[in-house]
Amino acid sequence: MDPLFESLNPAQCEAVRHVEGPMLVLAGPGSGKTRVVTHRIAHLLREGVRQSEILALTFTNKASDEMRTRVGALIPGARVWVSTFHRFGARLLREYAGYVGLTPNFTIYDTDDARQTLKRVIEAGRIKTAHYSPERIAAAISQAKNQLITADRYEPRIGSPLSAVVAEVYPAYQQRLLASSAVDFDDLLLHVANMLYQNADVRSELDARYRFILVDEYQDTNRAQYVMLRAMSVDNPNLAATGDPDQSIYGWRGADINNILQFESDFPSVKVVRLEQNYRSTQSVLRVADQLIRQNLKRKAKGLFTENAAGEPVRLVQYATQDDEARSIADEIANEVAAKRRRPRDFAIFYRVNALSRSLERGLREQGVPYQMIRGQEFYQRKEIKDVLAYCQLINNPRDDQAALRTINTPTRGIGRKTIDRLAEFAYTHRISLLEAAREAVQVDGLNPRAVKNVTGYAALVDRLGQLAGAAVEEIIGTILAETKYREPLMDGNSEEDLNRLANIEELLTDARQFDDRREGNGHLEEYLENAWLVNETDDWQSESDKVTMMTLHAAKGLEFPVVYIVAVEQGVLPHERSINDEEQIEEERRLAFVGITRAKERLQLSYAVQRDFRGQRRRTVPSSFLLEMPREEMELVEVGADHWYPPDWDDLDDAAGGEVHEVHDDGPHFDVGEFGAGGEGARVAETAQGESWKGSPRLTTAAKLSGAAPIEPSGYSPEDFVQGMTVTHPEHGPGKIVALSGSGKNRRATVKFATAGERRFVLVHSPLRPAGK
DNA sequence: TCCTTAACTGTTTTT
DNA sequence: CAGTTAAGGA
């Protein structure tokens with residue numbers, strides 16, 4: 001039998017075999033979607049399609065890397081272009097920059113740079129923003145861009161003061177971006193879509209160039225992406241979209257679920273294939289997911305099924321506090337690992353918001369469980385990295401005012417705000433870039449000789465660096481560091497933070513060297529920068545490394561793990577409070593839960609804590625309404641260390657449904673893990689370990705105590721008890737010495753130097769510090 | 001101009 | 001609570 005089809009079910013084969021014409025593959029979670037896509041690419045190649053005619057688009061670098069690897073494994077030597085939408089947009093824009101008023105060396109601003117630019121535009125234009133924050137305005141602009149509304153076509157809506165503000169800010173912002181030859185993330189799609197729309201010749205050229213287009217996660221496309229795809233599928237309508245409406249979780253980013261729901265009317269001749277067999281999860285997991293998602297009205301019903309084993313019931317656990325939650329999850333993982341039943345990498349913990357990771361991290365650290373946290377864009381966002389890269393940006397694109405602003409006084413060279421304002425004013429009136437203005441500082445009014453000297457010195461420095469543009473990236477960065485003496489101030493101070501920064505800079509140099517090694521020859525600065533701009537830390541996620549993975553539910557899409565914990569399944573968190581008043585948004589939150597649940601292969605635990613510290617405040621929580629929508633007969637309820645606090649209504653259902661309730665009260669901190677299928681022995685291990693680690697964790701037991709609980713004074717010492725030079729102890733960092741004090745009362749802060757942890761600052765009333773020896 | 005300190009504020013998800 | 005901005009002092 002043909003190896004390409006050997007391991008595929010009939011529906012999968014049908015999709016793989018499809019060559020010409022539009023196709024929609026509705027693929028449930030775990031249904032082998034990526035396999036279908038990669039096998040289809042292989043099939044197309046075998047049918048004689050040239051590889052340069054195939055374009056595969058994904059949303060994340062991680063997804064595209066994986067697809068590229070898998071295509072490579074299937075057809076050795078194949079070089080099909082697999083890219084993210086944004087990368088694809090960037091590449092087209094470099095080719096056709098002139099069409100949209102950019103230069104080919106344009107800069108891509110990350111959210112941060114874009115936000116700064118927006119603020120500057122508002123300030124410089126003295127635009128009255130009526131109490132709307134730049135974030136609000138930026139969000140509105142982004143929304144407009146995602147809907148393909150350009151600055152010149154934006155119309156304020158009557159009765160919306162925000163839109164009136166946006167109508168003013170948006171064009172000014174866009175103009176400023178173009179003047180700097182820069183784009184924000186949204187522009188990467190907007191410009192391309194616009195260009196295709198307005199230039200018939202370009203459109204048909206690209207339509208012909210990419211005869212076969214495959215799109216992953218089609219349910220997440222926004223209007224701009226939709227137009228891009230449609231425009232390139234007119235003469236050659238071989239668009240194959242893969243997706244699952246139930247996994248559309250990016251509506252807030254402009255994703256339009258209607259794109260997939262209406263695919264069939266867009267392409268009447270479309271072939272529709274449904275992949276409904278799940279190869280990933282147990283029946284329990286799948287039934288819980290399925291039951292939940294059925295509550296959504298806006299969807300295409302699917303009949304998910306699996307031939308996998310029934311599996312363990314999905315566990316729903318109530319904890320007293322978030323610390324209990326974190327601790328017992330960490331304990332459980334540690335035990336499973338210690339018993340050699342599982343490895344750290346088998347586990348994943350998901351949460352709705354990044355802020356929830358803190359206590360989990362602590363729990364895992366205490367247990368010595370290795371973990372990795374997936375956070376967006378961390379490395380390249382760090383100040384020191386951005387500082388250095390800003391010089392690179394400026395070398396690559398001297399018109400980039402944002403980079404000039406960032407570098408002009410970094411490291412400090414005596415160029416203050418006033419000076420910068422005057423320069424900017426001069427640049428603006430003469431319609432030149434900030435860097436050009438800096439070169440001509442002599443002509444700028446109101447600058448004292450010292451300022452002129454500093455500014456022209458800066459311009460000369462940048463110009464000198466600019467001659468390096470064609471060098472290897474490591475050399476460029478190395479020279480920047482040397483010429484700007486960026487590291488000097490960091491080396492004097494030896495605070496932990498400074499050391500960290502230095503280490504990060506070293507890492508950047510290593511990163512650059514590795515990049516250089518991968519490239520032949522020099523002159524790839526722009527490519528390096530583009531990587532930095534478009535890369536996301538998720539892409540660094542290493543499935544090989546043996547660590548527990550923690551991430552947001554959004555980041556979890558496309559992944560799978562043997563054991564999954566979803567924490568804080570609470571009203572206001574999942575569904576998030578900002579979605580709670582809107583049925584459409586509630587549905588998206590439900591899909592988010594669905595995505596999380598369906599990542600689990602064998603074992604799934606949902607949990608909530610009766611009380612949770614939020615925004616510095618202790619709150620009583622309400623379990624998520626989604627819990628009520630799940631089939632109880634598939635679930636096991638476990639209470640840990642708290643009084644009854646089921647989701648409302650569940651008590652009533654108690655008799656009707658067969659699900660057992662295990663009550664575990666304070667006096668006996670044990671987990672009824674025996675119920676959990678793994679067998680008695682493991683359960684016992686879990687029990688003792690948890691019992692032990694729970695000792696000494698004070699837990700409030702009754703609702704009365706909880707609601708009346710005053711903020712707990714952690715130390716029992718008043719802030720004034722601490723004096724300069726005093727030796728103190730910290731539960732985590734050990735002994736240390738107070739090197740500085742400031743403020744008084746609840747604002748009193750101390751800087752403590754620890755033997756091991758370096759210098760740290762504490763707000764005394766909140767800190768666990770104790771005078772030593774007491 | 002720059003650094004420290006105090007007040008303020010805003011909170012989702014990310015290419 | 002944390003991160004950021006505004007104000008004030010050297």
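Here is the naming used below: chain letters follow the sequence lines, and residue numbers restart at 1 for every chain. Values below: every heavy atom of this structure, side chains too, minus hydrogens, waters and symmetry copies.
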Starting at the 5' end of DNA chain B, which residue's closest nucleotide do you reach first, A:T84 or A:R413? A:R413
Is the closest side-chain donor-acceptor distance between A:R223 and A:N258 under 3.5 Å? no
With sugar-phosphate meaning primed atoms plus P, OP1 and OP2, does A:R417 contact a base, only sugar-phosphate, or nothing at under 4.0 Å between heavy atoms? sugar-phosphate
Just the table, please: protein N/O against nucleotides 7-10 of chain C N/O, every pair under 3.5 Å.
none

Hey, are A:D387 and A:T410 close enough side-chain-wise for a donor-acceptor pair under 3.5 Å? no
Write out a two-atom table: protein N or O, nucleotide N or O from nucleotides 10-13 of chain B, distance below 3.5 Å.
residue : atom : partner : partner atom : Å
B:dT11  : O4   : A:R615  : NE           : 2.2
B:dT12  : O4'  : A:H576  : NE2          : 3.4
B:dT12  : O2   : A:R352  : NH1          : 2.9
B:dT12  : O2   : A:R352  : NH2          : 2.1
B:dT13  : OP1  : A:N354  : N            : 2.9
B:dT13  : OP1  : A:N354  : ND2          : 3.1
B:dT13  : O4'  : A:R352  : NH2          : 3.4
B:dT13  : O2   : A:W252  : NE1          : 3.1
B:dT13  : O2   : A:R352  : NH2          : 2.7
B:dT13  : O2   : A:H554  : NE2          : 3.2

Decide yes or no on salt bridge (charged side-chain N to carboxylate O under 4.0 Å, His left out) for A:E217 and A:K557, but give the supporting numbers first. CA-CA 10 Å; A:E217 312 278 13; A:K557 192 159 71 157; 3.5 Å; yes
Taking the six-membered ring for Trp, are A:F88 and A:Y210 closer than 6.0 Å centroid to centroid? yes
Round to the nearest Å and state the distance from A:D184 atom CG to B:dT14 atom P. 18 Å
Looking at A:R591 and A:E588, is there a salt bridge between them, counting it only when a charged N and a carboxylate O are closer than 4.0 Å? yes
Answer yes or no for A:R413 and A:Y458: cation-pi contact, defined as NZ/CZ to six-membered ring centre under 6.0 Å and angle to ring axis within 45°. no
Indicate whether the side chain of A:Q174 and that of A:K145 have a donor and an acceptor atom separated by less than 3.5 Å. yes
Identify, with sequence neighbours excluded, every residue that meets side chain to side chain donor-acceptor pair (under 3.5 Å) alongside A:S181. A:T103
Under 4.0 angstrom, heavy atoms only, what part of the nucleic acid is A:D613 near: base, sugar-phosphate, or nothing? nothing
N/O (side chain, A:T419) to phosphate O (OP1/OP2, B:dT1) under 4.0 Å: yes
Between A:R253 and A:Q143, does any side-chain donor sit less than 3.5 Å from a side-chain acceptor? no
Whole-Å gap separating P (B:dT14) and CG (A:N146): 16 Å
Does A:K119 make a side-chain N or O approach to OP1 or OP2 of C:dT5 shorter than 4.0 Å? yes
A:R358 CZ to C:dG3 C1', straight-line distance once rounded to whole Å: 11 Å
NZ of A:K383 versus C1' of C:dG3: gap in Å, rounded? 15 Å
